[in-house]
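In what follows, every chain begins at residue 1, and chains take the letters A, B, ... in the order their sequences are listed.
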Protein chains: 2
Amino acid sequence: MTVDRTDEEILGALQRNGRASYAEVGQQVGLSAPAVKRRVDRLRADGVIRGFTALVDPAVLGWATEAYVEVFCAGNVSPDGLRRTLESIPEVVDACTVTGEADALVHLRAGDIRHMETVLERVRRDRRVDHTRSVIVLSRLVERAAP
Amino acid sequence: MTVDRTDEEILGALQRNGRASYAEVGQQVGLSAPAVKRRVDRLRADGVIRGFTALVDPAVLGWATEAYVEVFCAGNVSPDGLRRTLESIPEVVDACTVTGEADALVHLRAGDIRHMETVLERVRRDRRVDHTRSVIVLSRLVERAAP
DNA sequence: GCTGAAACGAAGTGGAT
DNA sequence: ATCCACTTCGTTTCAGC
């Protein structure tokens with residue numbers, strides 16, 4: 001599973017425009033449409049491309065309140081148990097285990113502060129969770145699709 | 001700029017598969033392909049849909065190390081100046097101002113720890129930045145496209 | 001292995017109703 | 001919003017590098 005320079009250019013083109021035609025991508029990378037399609041099919045099969053998605057403004061759908069929550073667990077923590085709990089909460093956008101005092105960092109999206117409070121209560125309901133420390137997002141400074 | 005129930009279903013379908021054909025989306029929401037296309041065009045024009053993108057596994061491209069950095073500023077901080085600094089650093093995936101002790105929370109992606117250290121130095125080079133507190137991501141627990 | 005060219009069916013697109 | 005016509009794209013097959 002090797003990704004060469006041309007593959008990277010194709011990935012870049014599809015990150016910029018996920019609905020670009022193969023011919024359009026081919027023009028950018030100097031390849032014909034069928035050649036691009038074959039590479040994209042391979043990149044998808046190899047898991048390099050996980051999928052394609054529409055980028056939707058969360059605020060329009062009523063998800064205007066964001067928070068980052070540090071989760072502190074009691075005693076030894078198995079990441080997998082915590083993962084199942086967090087995965088069952090739809091307001092969890094992403095979550096990861098981290099170094100430092102906290103065990104996990106959880107990114108939440110809710111409609112408003114009241115809604116956010118109920119989500120936090122739900123996170124804390126897990127017996128593994130000892131306590132949490134939250135910060136509310138005031139404004140987005142940078143938001144990128146890829147590095 | 002109003003988003004009705006059908007629009008939301010279309011958005012959901014396109015978040016699940018950003019390259020779905022209009023006919024395919026139409027079948028899911030009970031509309032003809034041209035009707036779906038018209039709605040999608042409107043949603044894009046209104047900024048509800050910001051674009052379409054390929055979801056690429058960062059690790060395959062050599063972006064294996066992630067960190068979240070709390071940025072503490074000296075004195076009064078203007079979010080816009082900090083935004084310009086962070087935007088100029090390609091390793092910044094996203095960043096936001098937050099409540100609490102820190103002024104901003106920055107999500108970074110780098111190739112390895114050595115690379116991450118140089119990125120952190122670059123963040124701290126900004127005169128606004130007094131100090132930073134970082135956590136390194138150990139493992140992803142949840143990763144969603146949308147709430 | 002990879003590529004590009006051709007061909008056919010499917011999808012995108014604009015206009016009329 | 002649907003229907004229709006026309007254009008463009010997706011996809012397979014084939015042959016050449």
Side-chain angles (χ1 to χ4, degrees), chain A residues 1-64 111 143-147, chain B residues 1-64 111 143-147:
Chain A
M1 185 194 72
T2 175
V3 175
D4 66 15
R5 180 63 189 272
T6 304
D7 288 332
E8 285 185 22
E9 288 178 39
I10 290 172
L11 293 172
L14 288 175
Q15 282 179 327
R16 286 189 297 275
N17 178 11
R19 278 184 87 90
S21 69
Y22 294 127
E24 196 176 324
V25 175
Q27 208 158 23
Q28 289 180 48
V29 306
L31 238 54
S32 67
V36 172
K37 178 192 164 14
R38 280 189 287 264
R39 281 173 180 261
V40 171
D41 286 346
R42 179 173 54 76
L43 290 166
R44 294 191 72 158
D46 290 351
V48 177
I49 296 176
R50 289 175 174 168
F52 295 88
T53 190
L55 301 169
V56 177
D57 183 357
V60 174
L61 291 150
W63 300 86
E143 194 161 17
R144 289 206 178 98
Chain B
M1 185 196 70
T2 175
V3 175
D4 66 14
R5 179 64 189 270
T6 305
D7 288 332
E8 284 184 23
E9 287 179 40
I10 290 172
L11 293 172
L14 289 175
Q15 282 178 327
R16 284 189 297 276
N17 178 11
R19 279 184 86 90
S21 69
Y22 294 127
E24 196 175 327
V25 175
Q27 209 158 24
Q28 290 179 48
V29 307
L31 239 54
S32 67
V36 173
K37 180 197 171 349
R38 256 173 218 123
R39 282 173 180 259
V40 171
D41 286 346
R42 179 175 55 77
L43 290 166
R44 294 191 72 158
D46 289 351
V48 178
I49 295 176
R50 289 176 174 166
F52 294 89
T53 191
L55 301 170
V56 177
D57 183 356
V60 175
L61 291 151
W63 300 86
E143 193 161 18
R144 289 207 179 96

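- Against DNA chain D, the stretch residues 2-33 of chain A makes heavy-atom approaches under 4.0 Å through A:S21, A:Y22.
- The salt bridge (Lys or Arg N to Asp or Glu O under 4.0 Å) check on A:E8 picks up nothing, with sequence neighbours excluded.
- One finds the CZ atom of A:R38 at 13.5 Å from the CG atom of A:L43 (value rounded to the nearest 0.5 Å).
- Nearest nucleotide to the side chain of B:A35, out of C:dT3, D:dA1, C:dG14: D:dA1.
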Side-chain donor-acceptor pairs of residues 22-37 of chain B under 3.5 Å, sequence neighbours excluded:
| residue | atom | partner | partner atom | Å |
| --- | --- | --- | --- | --- |
| B:Q28 | OE1 | B:R16 | NH2 | 3.2 |
| B:K37 | NZ | B:D41 | OD1 | 3.4 |
| B:K37 | NZ | B:D41 | OD2 | 2.5 |

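- Checking D:dT12, C:dG4, D:dT2 against the side-chain heavy atoms of A:K37 singles out D:dT12 as nearest.
- Looking at residues 44-56 of chain B, you'll see that no heavy atom sits under 4.0 Å from any atom of DNA chain D.
- Remark: A:R39 pairs with A:D4, A:D7 by the salt bridge (Lys or Arg N to Asp or Glu O under 4.0 Å) rule, at least two apart or across chains.
- One can place CZ of B:R42 at 17 Å from P of C:dT13, the figure rounded to the nearest angstrom.
- Remark on the helix from C:dG1-D:dC17 to C:dT17-D:dA1: inter-end axis angle 30°, axes from five-pair C1' superpositions, rounded to 10°.
- Among the nucleotides D:dA1, D:dC3, C:dT3, the one closest to any side-chain atom of A:R39 is C:dT3.
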Side-chain donor/acceptor pairs under 3.5 Å, residues 49-58 of chain B, sequence neighbours excluded:
| residue | atom | partner | partner atom | Å |
| --- | --- | --- | --- | --- |
| B:R50 | NH2 | A:D57 | OD1 | 3.2 |
| B:T53 | OG1 | A:Q15 | O | 2.7 |
| B:D57 | OD1 | A:R50 | NH2 | 3.2 |
| B:D57 | OD1 | B:A59 | N | 3.1 |

Please list each protein N or O that sits under 3.5 Å from an N or O in nucleotides 14-16 of chain D, with the distance.
none

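- Formation of a donor-acceptor pair under 3.5 Å by the A:R42 side chain with backbone atoms of A:M1 is not found in this model.
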